[in-house]
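One is the number of the first residue; the rest follow in order along the sequence. Computed from heavy atoms alone, side chains included, the values below leave out hydrogens, waters and symmetry copies.
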Amino acid sequence: MPLSIEAIAEQVEARADDIVATLADLVSFPSIVKSDPREAGPGERDCQLYLQKRLEKLGFETDLWEPDGPALYAKYQGRPGANKGRTFEGRPNLGGTLKGTGGGRSIMLTGHIDVVPPGAPEHWQTDPFKPVLKDGYVHGRGTVDMKGGVACMLMAVEILKDLGAELSGDIVFTTVVDEEIGGMGSLAMVDRGFKADAGIMTEPTANRIAPLCHGILWGRIIIDGIGGHAELTPNAWHSGGPVDAIQLCRQVMDGIDILNRRWMFDPKKNHPLMDLPNQIIITQVNAGEHPSSMAGRAEIVIDVQYLPSEKDEFGLGGHVKREIEAHIQNVCQADPYLRDHPARVEWILDADCAEVPADSAFVTMFQSAVAQVGLSPALSGFGAHSDIGLPTGLGNTPTINFGPGDPTQAHQPNERVSVRDLVDCTKAIALMIQKWCG
């Protein structure tokens, strides 16, 4: 007999303190990942070891392994998730399978346990890695992005086990590293063979079903000027005088604003589930060599969004890269110096995207489940990148985002998630597991 909705909801409410305690345990591991993964500390491994023990106690058969970064890159070069120079020493992935009785559909619950650095300590009101429960919120780095979701998916399985739920289908549970710097952990997970009939990635969506995420490009636009004394009357550049790279930088940034305005009204750059059109966001500007010298070089770092409908033949953002490169070249044509010394674009990262059809059996069943626990069944887009493209595309596991917490809290100081969100998310996942696998 399937468990009633009331029985699941009542047990989850009764275990609210355990959900909070599980999240607090996860946050206490400083599983920071940096742009150079060789600088990682022991936090990622320690967090995975903790989760492995929890899974094995529930009866999961587990697999804890350190992916071979160079071998993965050689195998998947030019494909989603393949990032050169990644190392996983001391940074294991974790996977586990809890077998059902047979004949049912399987589900994968997946997330990442790496977190971004907390930033300046003075920006935090609490220690980022000493979780605090205050005013109905758990505070700490990773509470939203995305250890809150990992705690919910673990507790959903534990509560179903404690209630004696009998499931026909398997539950696959995976937690990966490296998500915050490109997604090679998820590539390694899929390559390892972890898959299911459908999946939930518990990225923060404020407990809204998000069957869609953006692809993300990172690039740097390099502008070469000619350095010179900032305080002296300059000669013309064609006579050997200086050219201020910062002024050129402004011209290129104005050009980026023009392209963003075009994208606002371009149907290819908009999606009905996304709140905003695709954007080119300037995230860093680096220029100059000395306080009294005119800048001889400038660099603009950009973060670019693209939609699944824009993917190239490799499942990546090649079309959008070429669109931006052509626009930057057109901007350079308007300036005599840049016409002869054009800015160039170097691409740093291409993180893919995916979309699961809104009318698929998994999405519509999940909408029913969230409605039954009192949440909105309305669909939304996940404005940032998430790793759903890798299990969906490469692993043939159509995967949606659904998790607790306000996504705008991600990467911020004083990150926090409400206990109410955690409890409601756990209810929805537990009910969906029973519906899908039962």
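- No donor-acceptor distance shorter than 3.5 angstrom exists from the side chain of Gln409 to the backbone of Gly405, with no hydrogens or angles considered.
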Please walk me through it: do Glu179 and Met201 pass side chain to side chain contact (heavy atoms under 4.5 Å, CB included)? CA-CA 12 Å; Glu179 191 273 347; Met201 183 169 287; over 6 Å; no
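- Salt-bridge check for Arg339 with Asp335: failed, with every basic side-chain N at 4.0 Å or more from each acidic carboxylate O.
- Side-chain atoms of Ile171 and Thr97, non-hydrogen and from C-beta on, never get closer than 4.5 Å to each other.
- A cation-pi arrangement is found for Arg91 relative to Phe88, the charged atom lying closer than 6.0 Å to the ring centre and inside a 45° cone about the ring normal.
- Using a 4.5 Å heavy-atom threshold, the side chains of Leu212 and Pro308 count as touching.
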I would like to know whether Lys147 and Ser31 meet side chain to side chain contact (heavy atoms under 4.5 Å, CB included); could you show each step before the answer? CA-CA 10 Å; Lys147 291 178 176 178; Ser31 51; 2.8 Å; yes
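- Between Arg79 and Leu187, the closest side-chain pair of non-hydrogen atoms is not below 4.5 Å.
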Kindly determine whether Lys34 and Asp36 satisfy salt bridge (Lys or Arg N to Asp or Glu O under 4.0 Å), including the steps that lead there. CA-CA 5 Å; Lys34 297 182 180 180; Asp36 183 349; over 6 Å; no
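- Using a 4.5 Å heavy-atom threshold, the side chains of Val190 and Tyr76 count as separate.
- When only modelled atom types and interatomic distance are considered, Glu323 and Trp263 share a side-chain donor-acceptor pair under 3.5 Å.
- Under the 4.5 Å side-chain criterion, counting only non-hydrogen atoms from C-beta, Leu94 is not in contact with Phe60.
- Separation of atoms NE2 (His139) and CG (Asp127) is listed at 13.5 Å; rounding is to 0.5 Å.
- Glu310 has a carboxylate O that lies under 4.0 Å from a charged side-chain N of Lys269, or vice versa, which qualifies the two as a salt bridge.
- Note that the OH atom of Tyr50 and the CG atom of Leu55 stand 10.5 Å from one another [nearest 0.5 Å].
- Side-chain contact between Met184 and Tyr73: present, with at least one pair of heavy atoms (C-beta onward) separated by less than 4.5 Å.
- Partner Val370 forms a side-chain contact (heavy atoms from CB on, under 4.5 Å) with one of Leu431, Leu375, Asn207 and no other, that one being Leu375.
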Please evaluate residues Val115 and Glu180 with respect to the criterion side chain to side chain contact (heavy atoms under 4.5 Å, CB included), reporting the C-alpha separation (whole Å), side-chain torsions for both, the decisive distance (0.1 Å), and the verdict. CA-CA 7 Å; Val115 299; Glu180 295 290 5; 5.8 Å; no
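- Counting heavy atoms of neighbouring residues, nucleotides and ligands inside a 6.0 Å radius, atom CG of Asp257 exceeds 12 of them.
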Apply salt bridge (Lys or Arg N to Asp or Glu O under 4.0 Å) to residues Asp424 and Arg420 and explain how you reach the verdict. CA-CA 6 Å; Asp424 288 343; Arg420 184 72 263 155; 3.1 Å; yes
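- With no hydrogens or angles considered, a side-chain donor-acceptor pair links Thr62 and Gln52 at under 3.5 Å.
- Other residues, nucleotides and ligands place more than 12 heavy atoms under 6.0 Å from the CD atom of Glu289.
- Atoms CD and CH2, on Gln48 and Trp65 in that order, are 9.0 Å from each other to the nearest 0.5 Å.
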What do the steps show when you test Lys130 against Ser28 for side chain to side chain contact (heavy atoms under 4.5 Å, CB included), and what is the final call? CA-CA 6 Å; Lys130 291 183 179 176; Ser28 68; over 6 Å; no
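- Using a cut-off of 4.0 Å between Lys/Arg side-chain N and Asp/Glu carboxylate O, Asp352 and Lys311 are scored as not salt-bridged.
- Looking only at atom types and distance, the side chain of Asp178 has no donor-acceptor partner in the side chain of His112 under 3.5 Å away.
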Between Lys321 and Asp312, is the salt bridge (Lys or Arg N to Asp or Glu O under 4.0 Å) condition met? List the steps. CA-CA 10 Å; Lys321 287 180 182 179; Asp312 63 15; over 6 Å; no
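- The two residues Gly317 and Leu217 come nearest to each other via the heavy atoms O-CD1, 4.0 Å.
- Between Ile328 and Asn330, the closest side-chain pair of non-hydrogen atoms is not below 4.5 Å.
- No hydrogens or angles considered: a donor-acceptor pair under 3.5 Å links the side chains of Asp387 and Ser186.
- His385 and Gln305 share no donor-acceptor pair across their side chains, judged by distance under 3.5 Å alone.
- At distances below 3.5 Å, at least one donor-acceptor pair connects side-chain atoms of Asn270 with backbone N or O atoms of Asp266.
- Salt-bridge formation is detected for the pair Arg45/Glu66: a Lys NZ or Arg NE/NH1/NH2 atom is positioned less than 4.0 Å from an Asp or Glu carboxylate oxygen.
- Ala120 meets the side chain to side chain contact (heavy atoms under 4.5 Å, CB included) test with Glu122, His123; sequence neighbours excluded.
- Residues His214 and Asn278 bring a donor and an acceptor atom of their side chains to less than 3.5 Å of each other.
- Rounded to the nearest 0.5 Å, atoms CD1 (Ile258) and CE (Met253) are 13.0 Å apart.
- Taking the six-membered ring where the residue is Trp, His341 and Tyr337 present parallel rings, their angle staying beneath 30° rather than reaching 60°.
- A salt bridge links Asp224 with Arg344; the closest basic N to acidic carboxylate O contact falls under 4.0 Å.
- Between Pro398 and Phe362 there is no side-chain heavy-atom pair separated by less than 4.5 Å.
- For the pair Glu89 and Arg38, the salt-bridge criterion is not met [side-chain N within less than 4.0 Å of a carboxylate O].
- The closest side-chain donor-acceptor pair between Asn414 and Trp124, if any, does not fall under 3.5 angstrom.
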